[in-house]
Colleague: 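Structure incoming, see below.
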Number of protein chains: 2
Amino acid sequence: MANIQQVAQKAGVSVATVSRVLNNHATVTPKTRLKVEQAINELNYEPSMLGRNLRNSESRLLLVLIPSISNPFYTEIIDGIEDTAIKNNYNILLCDTDSNPQRENIYFNLVKNKLADGIISMDPAVDMQKLIDLAEHHPIIQCSEYDENSCIPYVTIDNELAAYHAVKHLIKLGHEKIALINSDEKFLYARQRRQGYERALSEFNLPINKEWIYNTTQLEFEFGQQAMKKLLQSDEKPSAVFAVSDTLAIGALKEINSHGLLVPDDISVVGFDKISFSSMTNPTLTTVSQPMYRMGCTAASMLIDSIQGNKVESIVLNHELVIRESTMG
Amino acid sequence: MANIQQVAQKAGVSVATVSRVLNNHATVTPKTRLKVEQAINELNYEPSMLGRNLRNSESRLLLVLIPSISNPFYTEIIDGIEDTAIKNNYNILLCDTDSNPQRENIYFNLVKNKLADGIISMDPAVDMQKLIDLAEHHPIIQCSEYDENSCIPYVTIDNELAAYHAVKHLIKLGHEKIALINSDEKFLYARQRRQGYERALSEFNLPINKEWIYNTTQLEFEFGQQAMKKLLQSDEKPSAVFAVSDTLAIGALKEINSHGLLVPDDISVVGFDKISFSSMTNPTLTTVSQPMYRMGCTAASMLIDSIQGNKVESIVLNHELVIRESTMG
DNA sequence: CTGAAAGCGCTAACAA
DNA sequence: TTGTTAGCGCTTTCAG
């Protein structure tokens, strides 16, 4: 692989001139430019980012931390991030942390080591203290999941309100026995959605029944099935279920089905996220839709702003309840 | 952010000594080591990968090219790649190419520019010529999708045989009118699976009916629905469908359902990939399972081998037909 | 408009 | 055992 020296030599100019051509500095004669470009082509030369970054101390690479690429929820957000990044001449690198602090560390180092210019974190299980420390010296944005006390800017929806809307929808339908399949409440969004659930119930004077609240350790389908199985064993079966993620809701749907019960006739189900699967189930799933693409765009814009030294403010986007067959009794 | 100079100064040693401490060279007195470590801590120093890589010309970073993170098929493969990489002291970076040559280019440059040591490509739509050119100077492995004529080592399953098995299973069940929902036959796997489909039919003297072969442009659910809709309009409705991906099969399932038909009573369905959602559908989906995790491990091992200058051979792994409700008539 | 040279942060010969 | 120094590939002043 040729380097800038060889190009300069071949073109009969100095490395400085080659660099100028590479960076489109206007102060180069068309004639010299041509010579240099020819040399570049002949040698199949590609400038080294390493040298360039070392010099400029910027990489124009953004890191995106996701807990697991298997969660379809992140797909659209990432599209948004990617499109915005590219528009601004940045590129993104996806980092699957697997919610594993060790892997996380690796990616944090990429930033510390100037191999990336900033981070968008979407991992709810991220080591917050580390993220905060990192944020002191490096641009970081939290997307979707965040720590309210951290000073790290975030973009999110109002989870409490969204859950409130979902549950209120069920109540309006006449349901009084509404179960909650929540994830681990160590996550902020889980705590917020539970609050929304409880607020809706309280507002309509419905009691909060502990038996109808189930916390899963993970978000995969099977955990939704397991949760539903438990709920169906409770003394008084719920007539509706609100799950904090579509994957859990789909698992619940499956479990209800396999007990010979019908959705929504016997039990109504509401999910959260509007992943693409949610319209492939039978019945299709009522769900809370987050503006994921826009969320990604916003997060990327904020990060780039922050890299360029501007102060950025956290943003709360709007959600929307998408009513489909699973609550159309 | 402190640099090695400042650490050396603070510790009262030379930069070389600091470097030795960083790289665990045994030839440092415990006393000096301690001094250096203290200085490192006090200054909150983190070595710059940029400087280090520029010097060593290695980054210990592997690039993984995927066409789209929304395809669940890749999830497990990536787990395998990741685990193997980490075991060998490498890290991986996911690159979502969106099957977009421009994005592809960016990631190719990362390798050319020494920001990554090698690539595992899983993008069927990759620009093969570019990949081949790149492979001349850089370690590259093809995973799952590959070009048979390219000399770039690959790991895959026998797609022709897998399709043959799937269709034979349907034939053994008594089906004689078997449709194929295939993706774009510009992809090698699509051509191979079609061959397997045709071989099974021929072997049992069943005619190949053009009306029962449908090619989609993409793999999302909706394309499966659309395909199925067309197939249901054909003069003679097929009694079974083999789709080359679970996502397509699930779309087909949905479409069959919405026509008031039952799977498998009216139409049997077989998919391909065994994505996690395929056990959540109603009925659950019969599908061809690839050893995805092992595939990922193998690809990563091959790439690391290749980086270390060894010759590596292509590998074909075994598949397995997983029989579930959608073909249990 | 172009060239010479310094320096980004690091490692590894070579010297001491 | 430690220090000195060259150099990885590039950009950017400063001179010319």
Side-chain angles (χ1 to χ4, degrees), chain A residues 1-40 43-61 109-117 137-138, chain B residues 1-40 43-61 109-117 137-138:
Chain A
M1 197 95 296
N3 62 20
I4 200 172
Q5 305 266 11
Q6 300 170 279
V7 175
Q9 194 163 28
K10 178 144 220 144
V13 299
S14 74
V15 291
T17 303
V18 178
S19 174
R20 287 186 188 105
V21 171
L22 291 172
N23 295 285
N24 284 315
H25 288 210
T27 70
V28 187
T29 343
K31 214 172 82 182
T32 358
R33 160 162 280 124
L34 205 70
K35 274 196 302 184
V36 172
E37 277 164 353
Q38 245 159 24
I40 287 177
L43 291 172
N44 240 307
Y45 165 75
E46 301 269 352
S48 155
M49 277 194 178
L50 245 31
R52 182 173 285 174
N53 293 353
L54 182 57
R55 191 49 226 226
N56 294 346
S57 51
E58 73 160 8
S59 65
R60 299 202 82 83
L61 245 31
N109 281 330
L110 253 39
V111 176
K112 288 188 189 162
N113 297 340
K114 298 292 195 175
L115 260 159
D117 293 345
H137 298 288
H138 302 278
Chain B
M1 196 95 295
N3 64 20
I4 201 172
Q5 304 265 11
Q6 299 171 278
V7 175
Q9 194 163 28
K10 177 144 219 145
V13 299
S14 73
V15 291
T17 303
V18 178
S19 175
R20 287 187 190 105
V21 171
L22 292 173
N23 295 285
N24 285 315
H25 288 212
T27 70
V28 187
T29 343
K31 216 172 82 182
T32 0
R33 159 162 280 124
L34 205 70
K35 274 196 303 186
V36 173
E37 278 164 353
Q38 245 158 24
I40 289 176
L43 292 173
N44 241 308
Y45 166 74
E46 302 267 353
S48 154
M49 276 194 178
L50 246 30
R52 183 173 284 173
N53 294 353
L54 182 57
R55 190 50 226 228
N56 294 347
S57 52
E58 74 159 7
S59 65
R60 298 202 82 84
L61 245 32
N109 281 330
L110 253 37
V111 175
K112 288 189 189 160
N113 297 341
K114 297 295 194 174
L115 261 158
D117 294 345
H137 298 288
H138 302 278

Colleague: Does B:Asn23 reach a base, just sugar-phosphate, or nothing at all? Heavy atoms under 4.0 Å.
Modeller: sugar-phosphate
Colleague: Please name the residue in the list B:Ile40, B:Val13, B:Thr29 that meets the side chain to side chain contact (heavy atoms under 4.5 Å, CB included) test with B:Lys35.
Modeller: B:Val13
Colleague: Write down the distance between CD1 (B:Ile4) and P (C:dA12), rounded to a whole number of angstrom.
Modeller: 11 Å
Colleague: Check every strand shown and say whether B:Val13 touches a base, only sugar-phosphate, or nothing at a heavy-atom separation below 4.0 Å.
Modeller: sugar-phosphate
Colleague: I want to verify a distance call: between C:dT11, D:dG3, D:dT12, whose nearest atom is closest to the B:Leu22 side chain?
Modeller: C:dT11
Colleague: Let's see if you can work this out: which of C:dC14, C:dT2, C:dG9 has an atom nearest to the side-chain heavy atoms of A:Val28?
Modeller: C:dT2
Colleague: Should A:Tyr45 and A:Leu22 count as side-chain neighbours, where that means a heavy-atom distance under 4.5 Å?
Modeller: yes
Colleague: Quick one: B:Ile40 CD1 to C:dG9 P, roughly how many Å, whole number?
Modeller: 16 Å
Colleague: Roughly, in whole Å, what's the span from NE2 in A:His25 to P in C:dG3?
Modeller: 15 Å
Colleague: Tell me the interatomic distance from A:Gln5, atom CD, to D:dC8, atom P, rounded to whole angstroms.
Modeller: 7 Å
Colleague: Output the rounded distance in Å from CD (A:Glu46) to C1' (D:dC10).
Modeller: 15 Å
Colleague: Look at the side chain of A:Asn3 and the backbone N and O of A:Gln5, then say whether any donor-acceptor pair between them is shorter than 3.5 Å.
Modeller: yes
Colleague: For B:Arg20 and for B:Ser48, find the nucleotide of DNA chain C with the closest heavy atom, then tell me which residue's nucleotide is more 5'.
Modeller: B:Ser48
Colleague: Is the phosphate of C:dC1, meaning OP1 or OP2, less than 4.0 Å from a side-chain N or O of A:Thr32?
Modeller: no
Colleague: Nearest of D:dT1, C:dT11, C:dT2 to any side-chain atom of B:Thr27?
Modeller: D:dT1
Colleague: Using whole Å, what does the distance between atom P of nucleotide C:dC10 and atom CD of B:Gln9 come to?
Modeller: 14 Å
Colleague: Are more than 12 heavy atoms from other residues, nucleotides or ligands located less than 6.0 Å from atom CD of B:Gln9?
Modeller: no
Colleague: Give a yes-or-no answer on whether the side chains of B:Asp117 and B:Ser59 include a donor-acceptor pair shorter than 3.5 Å.
Modeller: yes
Colleague: Tell me the interatomic distance from B:Arg52, atom CZ, to C:dC8, atom C1', rounded to whole angstroms.
Modeller: 16 Å
Colleague: Mind checking A:Thr29 for me? I need base, sugar-phosphate or nothing, with any heavy atom below 4.0 Å counting as a touch.
Modeller: sugar-phosphate
Colleague: D:dG9 P sits how many Å from B:Arg55 CZ, rounded?
Modeller: 10 Å
Colleague: Would you please confirm or rule out a distance under 4.0 Å between OP1 or OP2 of C:dG3 and any side-chain N or O of A:Thr17?
Modeller: yes
Colleague: Picking from C:dT11, D:dT13, C:dG9, which would you name as closest to the side chain of B:Val15?
Modeller: C:dT11
